[in-house]
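Heads up: the structure comes next, in structure tokens.
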2 protein chains.
Amino acid sequence: MSKLPSKLPPMSAVRVFEAAARHQSFTRAAEELGMTQAAVSYQIKLLEDRVGAPLFIRLPRQVTLTAKGRQLAPAVTEAFEALRNAFAGVEEMVQTVLSITTLSTFASNWLVPRLGRFRQLHPNIAVQVSVSTEIIEFAHSEFDIGIRSGTGDWPGLEAHVLFPNQFMPVCSPALVRDVELRDPVDLLSLPLISPSDPWWRDWFSAAGVPNVDLSRHPDNSLGVQQFEGMAAIAGQGVALINPFFFPEDLASGRLVKPFDLMATTDRSYWLVYPKARRRSAKIEAFRDWVLSEVAGDSERTSPAA
Amino acid sequence: MSKLPSKLPPMSAVRVFEAAARHQSFTRAAEELGMTQAAVSYQIKLLEDRVGAPLFIRLPRQVTLTAKGRQLAPAVTEAFEALRNAFAGVEEMVQTVLSITTLSTFASNWLVPRLGRFRQLHPNIAVQVSVSTEIIEFAHSEFDIGIRSGTGDWPGLEAHVLFPNQFMPVCSPALVRDVELRDPVDLLSLPLISPSDPWWRDWFSAAGVPNVDLSRHPDNSLGVQQFEGMAAIAGQGVALINPFFFPEDLASGRLVKPFDLMATTDRSYWLVYPKARRRSAKIEAFRDWVLSEVAGDSERTSPAA
DNA sequence: GGCTGGCATAAGTCAGCCTTATGGATCGAC
DNA sequence: GTCGATCCATAAGGCTGACTTATGCCAGCC
């Protein structure tokens, strides 16, 4: 592939040489590198042995580059400058770009509408949102933060609970205007959205209607809560949704709750990130912001209920 | 001078990253670098911690660069390539350029006339000859080899004796054609070249003429044996020279020895170089060549004498 | 002549790099 | 489906070798 790679000398020595050549002084190079003059002398000698020729001429109270040293110095300085730039660029990217993998409905019905506020708080952080229905392993990806549903036991991940994964039937007020709903079982007379969703059974169960038969209902499954909510608003039927995702629609009355009964699960929505990166400023900023937003949600909904 | 130098990550880790990025494989990078796969994994993780973001995505049986890794890799590879080139250039210079500091007469009357043969033997070594009357410290210079006169006790230097520092009066045959020289003291009737040279007293001493008074002779000192020999050939007087430097002139009769008496000294001509560099191929080559040439000289002169 | 500034050298210590060993995960073959 | 091969991660431990401290040397400079 390439002409014999001609092994590079130890990089630590090269780095010391670069500083010493720039300063034409071992002592000042040592200061810059935060080590002693003796260490610089040691490394230079090492490199000279490696190269097979002196790189500095030792004059009484100063050092000068030899011809070989002069040939080497500019190229080395240039290479290190290039490295510094490259790492500075990545460093900036690391600090300013925050990438999130999130569940679809959380993104559309919770995160995206509020992102404007985060951008105002942290104008120098660019948020990249990636939507996925699967849980993405951090080891197999390059996301900074994830929003996922589960029980919070992910090894190696720091997890902050956001809100419970719970469900309640909702529908458009028009759909139930002329219907008398005294008992949960009455809901079965209305069209259900995504009736194949297993949570329906759980909700009826919690409502005292076990072993409900939903096979009769046409399976117009939408799969994504956001769409189910939209369908409900459009009056197409009763959807089982997490009220956290539709605060506006519930507050404005676009969606109504025929029964104020929540089916709870053992799962919640979580904000997670690798434990090792918990000190990252952008991660801290985003986490704190999300948690404060969630706290605001609770304040707004809980006392009102 | 430059914008905050933003400390570079440990170079050893960067080097490992470079190889791993090129191969898209930790195992193959380890092979290239001559270390174990575990060491590569360790260094990569180190760099990722330092940078604050993953650089590789760990897929089942391979690794891929993340966006940050992709941003970093080309720049790093380029920088290392530049370093490799720079060091290769110096390496070549080290191997192919041999610089010598030598005494003037040795250069003109011994070395230069024979250098053609050395070049034939080693066409890939370029010899740079620098003439100096002072002995140059290797620590304060960048010479590979030195030719100097002395007793051979230079600490840190490998020293090979070439021939003794000895003297004999010579002159043009014309100068003595009509002169009867029975006794060394008769030389005093002829013009002496560089009579202020202290070796004259030593030679007369060795010839059984102690405390000779040379103050009468005009002090037309030339200082350099080469010039003294040339003056003698031109018939300007009797010169005290080292016959090693004038083999041709003595053989051809352009110079004659009025008395076959050599004044010896405790000094010799030496070929020296730093002990630490005795393994250098070009130094070995030159040293061996010089010594073989000197051996040839002795063969040619000694049996004849 | 002391004093200062700069580099070299010796000795000793300790961090951290690398190795060995092992485990987990996936892919392919049979 | 099981077994083996491949590749990376991780833990534990050893050992190198990069630093530090201390000292010496040399040359200018007051």
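These numbers come from the heavy atoms of this one structure, side chains and all, not from hydrogens, waters or symmetry mates.
Side-chain atoms of R287(A) and Y273(A) include a donor-acceptor pair closer than 3.5 Å.
Between the base of dA18(D) and the side chain of Q43(A) there is no donor-acceptor pair shorter than 3.5 Å.
Taking 4.5 Å as the limit, some side-chain heavy atom of R28(A) sits within range of a side-chain heavy atom of E31(A). R277(A) has its side chain within reach of D144(A): a pair of non-hydrogen atoms, C-beta onward, lies under 4.5 Å apart.
Nearest to the side-chain atoms of M35(A) among the listed nucleotides dC19(D), dA11(D), dC7(D) stands dC19(D). In this structure, the nucleotide among dT20(D), dA11(D), dC8(D) sitting nearest to the side chain of R58(B) is dC8(D). Side-chain atoms of F26(B) lie closest to dC8(D) of the nucleotides dC8(D), dA18(D), dT9(C). Of the candidates dA18(D), dT9(C), dT20(D), dT9(C) carries the atom nearest the K45(A) side chain, counting heavy atoms from C-beta on. Across dA11(D), dC18(C), dC19(D), the shortest atom-to-atom separation from the side chain of T36(B) is found for dC18(C).
Rounded to the nearest 0.5 Å, atoms CE (M35(A)) and OH (Y42(A)) are 11.0 Å apart.
The distance from atom CG of L46(A) to atom C1' of dT16(D) is 13 Å, rounded to the nearest whole Å. Following rounding to the nearest Å, M11(B) (CE) and dC17(C) (C1') show an atom-to-atom distance of 16 Å. Summarising the geometry, the separation between CD on E31(B) and P on dT6(D) is reported as 12 Å, rounded to the nearest angstrom. In this structure, Q62(B) places its CD atom 13 Å from P of dA9(D), rounding to the nearest Å. Distance L59(A) CG to dG28(D) P: 10 Å, rounded to the nearest Å. Nucleotide dG17(D) holds its P atom 14 Å from the CZ atom of R50(A), rounded to whole Å. Atom CZ in R61(B) sits about 11 Å away from atom P in dT26(C), given to the nearest Å. Taking atom CD on Q37(B) and atom C1' on dT20(C), their separation rounds to 12 Å, with Å as the unit.
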Criterion side chain to side chain donor-acceptor pair (under 3.5 Å) on S149(B) and N165(B), from CA distance to verdict: CA-CA 7 Å; S149(B) 165; N165(B) 208 352; 3.0 Å; yes
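Within 4.0 Å (heavy atoms only), S41(B) reaches at least one base atom of the nucleic acid. At a threshold of 4.0 angstrom between heavy atoms, the contacts of S25(B) are confined to the sugar-phosphate backbone, with no base atom among them. Among the heavy atoms of the strands lying under 4.0 Å from V63(A) are primed sugar atoms or P, OP1, OP2 only; no base atom is included.
Within the helix from dG1(C)-dC30(D) to dC30(C)-dG1(D), the inter-axis angle between the opening and closing five-pair segments is 20°, rounded to 10°.
A residue-by-residue look at Y42(B) and R28(B) shows that R28(B) has its nearest nucleotide of DNA chain D further toward the 5' end.
Q62(B) meets the side chain to side chain contact (heavy atoms under 4.5 Å, CB included) test with L59(B); sequence neighbours excluded.
Put simply, the side chain of Q226(A) never gets that close to the backbone of T105(A): no donor and acceptor are under 3.5 Å apart.
When each of W270(A), F106(A), W110(A) is paired with L162(A), the side chain to side chain contact (heavy atoms under 4.5 Å, CB included) condition holds for F106(A) and for no other.
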